[in-house]
Amino acid sequence: MAGTKKSTTPPAPKTLLDKIIYAIRAQPPTTNPNGVSRASIAKYLQAELDVDTKSKSAQLKTAFKKGVEKGKLIQTGQSFRVAGDPMPDVPEEAKIAIEDLKVGSGPSAQVGDTVVMKYEGKLDDGSVFDSSNSFDFTLGAGEVIKGWDQGIPGMKVGGRRKLFVPSKLGYGKRGAAPEIPPNADLHFTVKLKEIR
């Protein structure tokens, strides 16, 4: 049969389960490893595939259930993904880096303690944005950036540490104008002076 052209578009999904799979794969890329929510799938089915999701609610529920039972869908809570499809890349959680320069003595600072710190904070370019000889706060109470609430516990009086605080655990997208620009990673040298 010379001259006939094969269609490159996939055939239209026929069964409700095929339509659900089609709807999941048609969603924009997500970093959610659980997949696509049932509500988003239903919206797509109604808007793009003309499925009346209100009148077919029972059939939809059965199709989701059969998809999971047959191993075609993977369900986590109210979200679904297609079995065998690649998992999305999930960004690694931001973590602080701690380097002990000097270990102090006595008991370790714990969440709930009021600590008195001496510190200097710098940006990536080495410019100092803040410093103090005596700054006190309660550990774990959210009075300071998350990087400090995570990086100070365990220190002993007289101890000195370098803390690298990624933007997400510092001031994030908003920054702290004018000293700290948005998305700035922070570098601190801290000394624990006292535990109260």
Donor-acceptor pairs are to be reported for all side-chain atoms of residues 134-151 against protein atoms at under 3.5 Å, with residues two or more places apart or in another chain.
unit_1, atom_1, unit_2, atom_2, d
T138, OG1, T114, OG1, 3.4
E143, OE1, T138, N, 2.8
D149, OD1, G140, N, 2.8
D149, OD2, G142, N, 3.3

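If you take CD1 on I24 and CZ on F80, they are separated by 7.5 Å, rounding to the nearest 0.5 Å. Once rounded to the nearest 0.5 Å, the distance linking CE of M117 with OG of S132 reads 10.5 Å. Put simply, OG on S167 and CG on D124 are 10.0 Å apart, with the number rounded to the nearest 0.5 Å. Put simply, CG on N133 and CD on E120 are 10.5 Å apart, with the number rounded to the nearest 0.5 Å. Between the CG atom in L186 and the CG atom in L169 there is a gap of 10.0 Å [rounded to 0.5 Å]. The line from OG of S37 to CD of Q78 is 9.0 Å long, rounded to the nearest 0.5 Å.
Follow the hydrophobic side-chain contacts under 4.5 Å out from V128 and you never reach L163; the two are in separate clusters. One hydrophobic cluster, built from ILVMFWY side chains closer than 4.5 Å, cannot hold both F164 and M155; they sit in different ones. Side-chain heavy atoms closer than 4.5 Å link hydrophobic residues (I, L, V, M, F, W, Y) into clusters, and following such links, even through other members, never connects L101 to I98.
Atom NZ of K72 is surrounded by 12 or fewer heavy atoms from other residues, nucleotides or ligands within 6.0 Å.
Contact of the K66 side chain with the T62 side chain is registered, since non-hydrogen atoms from C-beta on lie closer than 4.5 Å. At least one side-chain heavy atom of V51 sits under 4.5 Å from a side-chain heavy atom of L16. Looking at heavy atoms from C-beta onward, S105 lies out of side-chain contact with V157 at the 4.5 angstrom threshold. Using a 4.5 Å heavy-atom cutoff, the side chains of N183 and K173 are in contact. Using a 4.5 Å heavy-atom cutoff, the side chains of L192 and V116 are not in contact. Using a 4.5 Å cut-off on side-chain heavy atoms (C-beta onward), F64 and L17 make no contact. At a threshold of 4.5 Å between non-hydrogen side-chain atoms, the residues V165 and D185 do not count as touching. Within the 4.5 Å cutoff, the side chain of Q75 has heavy atoms near those of the R38 side chain.
For the residue pair G154 and S108, the shortest heavy atom distance occurs at O-OG, 3.5 Å. Here the closest heavy-atom approach between residue K156 and residue G104 is recorded as CB-C, 3.6 Å.
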**OP:** Verify salt bridge (Lys or Arg N to Asp or Glu O under 4.0 Å) between D85 and R25, making sure each step is shown before the conclusion.
**Re:** CA-CA 9 Å; D85 279 5; R25 290 180 171 157; 2.9 Å; yes

**OP:** Output, in order, the C-alpha distance, side-chain angles, deciding distance and verdict of side chain to side chain contact (heavy atoms under 4.5 Å, CB included) for D50 and L45.
**Re:** CA-CA 6 Å; D50 295 322; L45 290 171; over 6 Å; no

**OP:** Report the C-alpha separation of V190 and R160 in whole Å, then their side-chain angles, then the decisive distance to 0.1 Å, and conclude whether the side chain to side chain contact (heavy atoms under 4.5 Å, CB included) test is met.
**Re:** CA-CA 6 Å; V190 296; R160 287 182 61 231; over 6 Å; no

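Between the side chain of S127 and the backbone N or O of L123, no donor-acceptor pair lies under 3.5 Å. No donor-acceptor distance shorter than 3.5 angstrom exists from the side chain of T76 to the backbone of S79, with no hydrogens or angles considered.
If you look at Y171 and F129, their ring centroids are not closer than 6.0 Å.
Using bins of under 30°, 30° to 60° and over 60° for the plane-to-plane angle, the ring pair Y44/Y22 lands in the tilted bin.
Here salt bridge (Lys or Arg N to Asp or Glu O under 4.0 Å) pairs that include residues 97-111, with residues two or more places apart or in two chains, are D100-R161.
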